[in-house]
Amino acid sequence: MEVLVHLFIPRHTNNHRSKVLHVDALLVYILVFAVFNLALRSLHRSMPDVLGYATDIHVEQLLAGTNAKRQASGLAPLTLNSLLSQAAAAKAQDMLTKNYWAHNSPTGATPWDFISGAGYKYVVAGENLAKNFSTSQVVVDAWMASPSHRDNLLKSSYKEVGYAVVNGVLGGEETTLVVQMFGASTSSLALAPPVAKPPVLTENALTIQKANPSVAVAGNAGTMQQTTNKQGIAGAFEGVTIRPLVNIPTLTRNIVFVFAGVLLGVLLVDAWVVRRRRVVRVAGHNLAHFLFLSAIIVAASMVGRGSLL
Amino acid sequence: MKRVHILHYLVLGAILIGGIATFIYVQSNTSIQFIVGIATAAAYVCWGLIHHALAGDLHEKIVVEYILIGAIAIVLLATVLGV
């Protein structure tokens, strides 16, 4: 009991500052978290089945999610095209082989090079990329939350879509890549039903013109052009399901939130006791620390691991 | 609380709200989120030092304390972001 009081309540034995708020204790927390992070990465690399990132992303779910958003906006649903899926698979493979996270490869290959390479002759095309999301719905929601990706998802001129979902190592870390290739070919345009609503164009979206066919890349822009049709998904790129014994995001969040909760609690108790006893001491303002750490926890609670491009 | 302290805390509130808003704005890129976190922590340390300097009670121990609190925030964000 005496030890607990010494640790958490300011009094003469701890120089009127809770021991867990002393400078040496703060330094220990930093070192412990730094070691924990390094150990986590090391264990994840050596035992990914035990300690990893739970992932459940599949093409059919991505397609359903995308089409649900389009239909909610009064747009025609996209049909899955095997050539676009092949292009997406080639792009995903290229990113993992050449270790890059970009619309254009380090050797200068553009998204439409992959689309043309797969034999899809498009009049309009686009690409959305995502990595490290946990579920298909989260990917679609993230795309919808990003204006440029949303523009691609809700572009009325797109008639077909292809996907690749693949797991690999990118930039030294295990990564689940999602490549979404949009397109419309002359044949798909001829077959398409009338669109219920005109396309919503923003400054990030490219206007589609028959005389000047274009490719829209989320967050980027380019021009090019070119048809074909066939349904399907590129074999090994249909989806990724990973169910590790311990899910790293859940583990880290729980540890961080419990630690922060205790620290915030101690800051409040320390401030209250010192104020009540009218102790004069040399220390930072607990209220300021409390507000700052609370803001950091609010930010941390909104963290998702995924990135878009 | 003195009127000048209220002003200081309003500035702190603006720093923190700005930091959170920027953090949300760049939510599709965890690396940039981490940089925003570092910038917010740096701004907090600066705020603390300026606040205590103006109050006339800036002590070496306080400088270290603010730097360590900022560093704790950074390692917590690094842990959650996985960077």
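Here is how names work: the chains are called A, B, and so on, in the same order as the sequence lines, proteins then strands, and each is numbered from 1.
With respect to Asp270(A) and Lys19(A), no salt bridge is recorded, no charged nitrogen being found less than 4.0 Å from a carboxylate O.
With a threshold of 4.5 angstrom between heavy atoms, His8(B) does not approach chain A through any atom at all. With a 4.5 Å cut-off on non-hydrogen atoms, Val23(A) touches chain B through its backbone and its side chain both. For Ala299(A), the parts sitting under 4.5 Å from any heavy atom of chain B are the backbone and the side chain alike. If you measure heavy-atom distances from His22(A) to chain B, you find no contacts under 4.5 Å at all. Heavy atoms of Phe259(A) lying under 4.5 Å from chain B belong exclusively to its side chain.
Tyr66(B) and His289(A) are not linked by any side-chain donor-acceptor pair at a separation below 3.5 angstrom, with hydrogens and angles left out of the test. Under 3.5 Å, the side chains of Asn167(A) and Thr176(A) contain a donor-acceptor pair of N or O atoms. In summary, the side chains of Gln180(A) and Thr66(A) do present a donor paired with an acceptor at a separation below 3.5 Å, with no hydrogens or angles considered. Side-chain contact annotation: Arg150(A) with Asn128(A), donor-acceptor N/O pair under 3.5 Å absent.
Contacts with chain A were tallied for Gly48(B), Ala41(B), Ser31(B); Ala41(B) has the most, counting heavy-atom pairs under 4.5 Å. In terms of heavy-atom pairs under 4.5 angstrom with chain B, the leader among Ala34(A), Ala295(A), Ser294(A) is Ala295(A).
Identified by a heavy-atom distance below 4.5 Å to chain A, the contributing residues of residues 68-80 of chain B are Leu68(B), Ile69(B), Gly70(B), Ala71(B), Ile72(B), Ala73(B), Val75(B), Leu76(B), Leu77(B), Ala78(B), Thr79(B), Val80(B), in residue-number order.
Ring planes of Phe33(A) and Phe36(A): perpendicular class, angle over 60° (limits at 30 and 60°). The aromatic rings of Tyr9(B) and His285(A) are tilted relative to each other, their planes meeting at an angle between 30° and 60°.
Looking only at distances, a side-chain donor or acceptor of Thr55(A) sits under 3.5 Å from a matching main-chain atom of Tyr53(A). Between the side chain of Ser146(A) and the backbone N or O of Trp143(A) there is no donor-acceptor pair closer than 3.5 Å.
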